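What follows is one structure encoded as structure tokens, with my remarks underneath.
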Amino acid sequence: MAYCEDLMKQEQHVRTFFNKHSDQDRKDYRTGQVLAFRGHDESDNSSNQGNYIRILRFLADHNEDIKTVTLKNSPRNNMVIALSIQKDVGDALFFVLIDESYDVSMKEHMVVALRFVDKNISVFERFIGLKHVTSTTAILLKEALDQLFSKHGLSISRLHGQGYDRASNMQGEFNGLRTLIMNENECAYYIHCFAHQLQLAIVVVAKKHDQINYFFNAVANVVNVVGASCRRRDILRENQLLSIVEALENDNLSSRQGKNQKTTLKCFVNTYWVSYY
């Protein structure tokens, strides 16, 4: 009930927060293309700042609209380059956000971001890196996190919060990452990621509807049957291709780069909303 009441508070709703920003702010943000942090040495005195910064500087030098909203001309909490995490955080207490993901080559990575409040009482979030891990055991994740903290000059003594999902290796009461961190700093309180909580709640509530529950059970059976055979996968792809061509010819489907690509069949994961989509 408490979570529901918090969610219903409109002044805290993400839409309310977003609408507080002017149309010009949103236009400026999109002008920068919101490109991802590349992980190079991008400091001002670096002899090679990497492709991302060099391209960004090139664009800024040749386009006044881009120049006015990027690099040193952009807001401190929206520079999208994360030059110095330690400099930004300083002596402030911070909160660590961690998730696990894998890339197209199926390499497992630990994704780490920090959340903190600066001296001006402004809230910041900083993505500090992807760390390849050979295993997702709590001990190896803790070692990888220690390496990231050491790289950026961060002290675990200033860590006052940790947030991620409820996987046993993450929030386990006895051997999870949460416990390993709290053994070193008992003030690093664990909070179950609210996005995960919301997704789990939506899945449970939706499945209380008989037709929705039947639909997802039927789709799950199709995925299992088709996914077990390469021949069945090919038949499904051929039929899907014919459906897409017909929809395009009838102007019932838009077409542009990156759309209508071949994808693989995946089972549903309750905290991975795209799988349901």
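Computed from a predicted model, the values in this text were never measured in an experiment.
Annotation: the span from L148 atom CG to L130 atom CG amounts to 9.0 Å, rounded to 0.5 Å. Separating the CG atom in L159 from the CG atom in L154 is a distance of 9.5 Å, to the nearest 0.5 Å. Distance check: L141 CG to T136 OG1 gives 6.0 Å after rounding to the nearest 0.5 Å. A distance of 13.0 Å separates CD1 of I244 from CG of N252, quoted to the nearest 0.5 Å. The distance from the OG atom of S157 to the CG atom of L93 is 9.0 Å, given to the nearest 0.5 Å.
Between the side chain of H109 and the main chain of E100, no donor-acceptor pair closer than 3.5 Å is present. Remark: side-chain polar atoms of Q197 are paired, donor with acceptor, to backbone N or O of H192 under 3.5 angstrom. Remark: the backbone N or O of I156 is paired with a side-chain donor or acceptor of N185 at under 3.5 angstrom. No donor-acceptor pair closer than 3.5 Å links the side chain of N120 to the backbone N or O of S122.
Residue L241 shares its hydrophobic cluster (ILVMFWY side chains chained together at separations under 4.5 Å) with V245. Grouped by direct or indirect side-chain proximity (heavy atoms under 4.5 Å, Ile/Leu/Val/Met/Phe/Trp/Tyr only), Y214 sits alone. Annotation for F95: hydrophobic cluster partners, listed by chain and number, are L97, I191 (ILVMFWY side-chain heavy atoms under 4.5 Å, direct or chained).
With sequence neighbours excluded, the residues that form a side-chain contact (heavy atoms from CB on, under 4.5 Å) with H209 are Q211, I212. Legend: residues meeting side-chain contact (heavy atoms from CB on, under 4.5 Å) with S229, ordered by chain and number and at least two apart, are R231, R232.
The list of salt bridge (Lys or Arg N to Asp or Glu O under 4.0 Å) pairs with a residue in residues 133-142, not counting sequence neighbours, reads K142-D146, K142-E184.
Relative ring orientation between F124 and F116 is described as parallel, the plane-to-plane angle staying below 30° on a 0-90° scale split at 30° and 60°.
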